S.K.: 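Right, I'll just put the structure down here and ask away after.
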Amino acid sequence: MKKLISLLLTALFVLSLAACSNGNTSQPAAPASSAVSETTAEIPATSPAATEPAAANQSAKSADGIDVDLTAMSSTMVYSEVLNMQQTPDKYIGKIVKMKGPFNVSEIGDNRYFACIIADATACCSTGIEFVWAGDHSYPEDYPKKDQEITVVGTFNTYMEGSSKYMQLKDAEVEF
């Protein structure tokens, strides 16, 4: 009896595999990922969609003049956009960026750097984006407390310090 059940289960298994076939046995079925790669291969390398981040290839500003509004994006999109800013900063130069997060200050040597901390969805991979507040402000009197929630709007810029390139929002407006 066990032999008969075993034989029936094996036959059922073989038949179920054959039922998934499209009748063409000359080629194995293509893996699902190949459809994605074939579609991707059709996009020309010079296409803006293939080479530029989403915000960088948008030419129209929002009604309030902001090019990249990180406050209106999901945490996954914020993480992706900030990663794009880090990897292709030249595509963002001159764009007006809005961000929200905890305030942070770092003192390295004689330099003081002010930043807004941007966290990803799981808050494991935080990134600080430096800002330079427009106008004449004195630290610590005029600045928020460390870790206080702030909103910053400024013009994306990069600068060199030593042999390293850094990004910042210059001429920034800060609300807290």
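This structure is a prediction, so every number in the text was calculated from the model and none was measured. Throughout, residue positions are numbered sequentially from 1 according to the sequence presented.
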S.K.: Take Leu70 and Lys98 through the test side-chain contact (heavy atoms from CB on, under 4.5 Å) and record every step on the way to the result.
M.R.: CA-CA 6 Å; Leu70 298 174; Lys98 182 177 181 180; over 6 Å; no
S.K.: If you define the side chain from C-beta out and look only at heavy atoms, does anything of Thr155 sit under 4.5 Å from Lys95?
M.R.: no
S.K.: Examine the side chains of Tyr159 and Asn157 and answer whether a donor and an acceptor come within less than 3.5 Å of each other.
M.R.: no
S.K.: Grab the two heavy atoms, one from Glu130 and one from Met167, that are nearest each other, plus how far apart they are.
M.R.: CB-O, 3.8 Å
S.K.: Tell me the salt bridge (Lys or Arg N to Asp or Glu O under 4.0 Å) pairs involving residues 152-169, sequence neighbours left out?
M.R.: Asp90-Lys165
S.K.: Using the side-chain contact (heavy atoms from CB on, under 4.5 Å) rule, take Val153 and Glu175 through it: C-alpha gap first, then chi angles, then the decisive distance, then the call.
M.R.: CA-CA 9 Å; Val153 177; Glu175 293 179 10; over 6 Å; no
S.K.: Could I get the full list of side-chain contact (heavy atoms from CB on, under 4.5 Å) partners for Ala115, not counting sequence neighbours?
M.R.: none
S.K.: With clusters defined by side-chain heavy atoms of hydrophobic residues (ILVMFWY) lying less than 4.5 Å apart, directly or transitively, does Ile150 cluster with Tyr139?
M.R.: yes
S.K.: Say you draw a straight line from CD1 of Ile129 to SG of Cys116; how long is it, rounded to the nearest 0.5 Å?
M.R.: 7.5 Å
S.K.: Could you state the interatomic distance from NZ (Lys91) to CZ (Phe156), rounded to the nearest 0.5 Å?
M.R.: 12.5 Å
S.K.: Where do Ile117 and Gly128 come nearest, in terms of heavy atoms and distance?
M.R.: CD1-CA, 3.9 Å
S.K.: Would Phe103 and Asp147 count as a side-chain contact (heavy atoms from CB on, under 4.5 Å) if you check the C-alpha gap in whole Å, the side-chain angles of each, and the deciding distance to 0.1 Å?
M.R.: CA-CA 5 Å; Phe103 170 73; Asp147 295 324; over 6 Å; no
S.K.: Decide side-chain contact (heavy atoms from CB on, under 4.5 Å) for Met73 and Val68; before the verdict, give the C-alpha distance in whole Å, the side-chain angles of both, and the deciding distance to 0.1 Å.
M.R.: CA-CA 9 Å; Met73 297 178 185; Val68 182; 4.1 Å; yes
S.K.: How long is the gap from CG on Asp110 to CD1 on Ile108, to the nearest 0.5 Å?
M.R.: 11.5 Å
S.K.: Do any N or O atoms from the side chain of Ser138 and from the backbone of Glu141 form a donor-acceptor pair under 3.5 angstrom?
M.R.: no
S.K.: Please tell me if the side chains of Val97 and Met85 come closer than 4.5 Å, counting only heavy atoms from C-beta onward.
M.R.: yes
S.K.: Are Gln86 and Tyr92 linked by a side-chain donor-acceptor pair shorter than 3.5 Å?
M.R.: no
S.K.: Is Tyr113 close to Val105 at the side-chain level, that is, under 4.5 Å between some pair of heavy atoms?
M.R.: no
S.K.: Is the number of heavy atoms from other residues, nucleotides or ligands under 6.0 Å of Tyr79 OH greater than 12?
M.R.: no
S.K.: For Phe114, which of Phe176, Tyr143, Trp133 qualifies under ring pair (Phe, Tyr, Trp, His ring centres under 6.0 Å)?
M.R.: Tyr143
S.K.: How does the hydrophobic cluster around Met160 look, that is, which other residues are in it when side-chain heavy atoms under 4.5 Å mark a link?
M.R.: none
S.K.: Quick check: closest heavy atoms across Thr158 and Pro89, and the distance to 0.1 Å?
M.R.: CG2-CB, 3.6 Å
S.K.: Flag yes if Met77 and Val152 sit in one hydrophobic cluster, no otherwise; membership is Ile, Leu, Val, Met, Phe, Trp, Tyr, and two members link when side-chain heavy atoms are under 4.5 Å apart.
M.R.: yes
S.K.: Closest heavy-atom contact between Ile96 and Ile66?
M.R.: O-CG2, 3.7 Å
S.K.: Contact between Lys146 and Asn104 at the side-chain level, heavy atoms closer than 4.5 Å - yes or no?
M.R.: yes
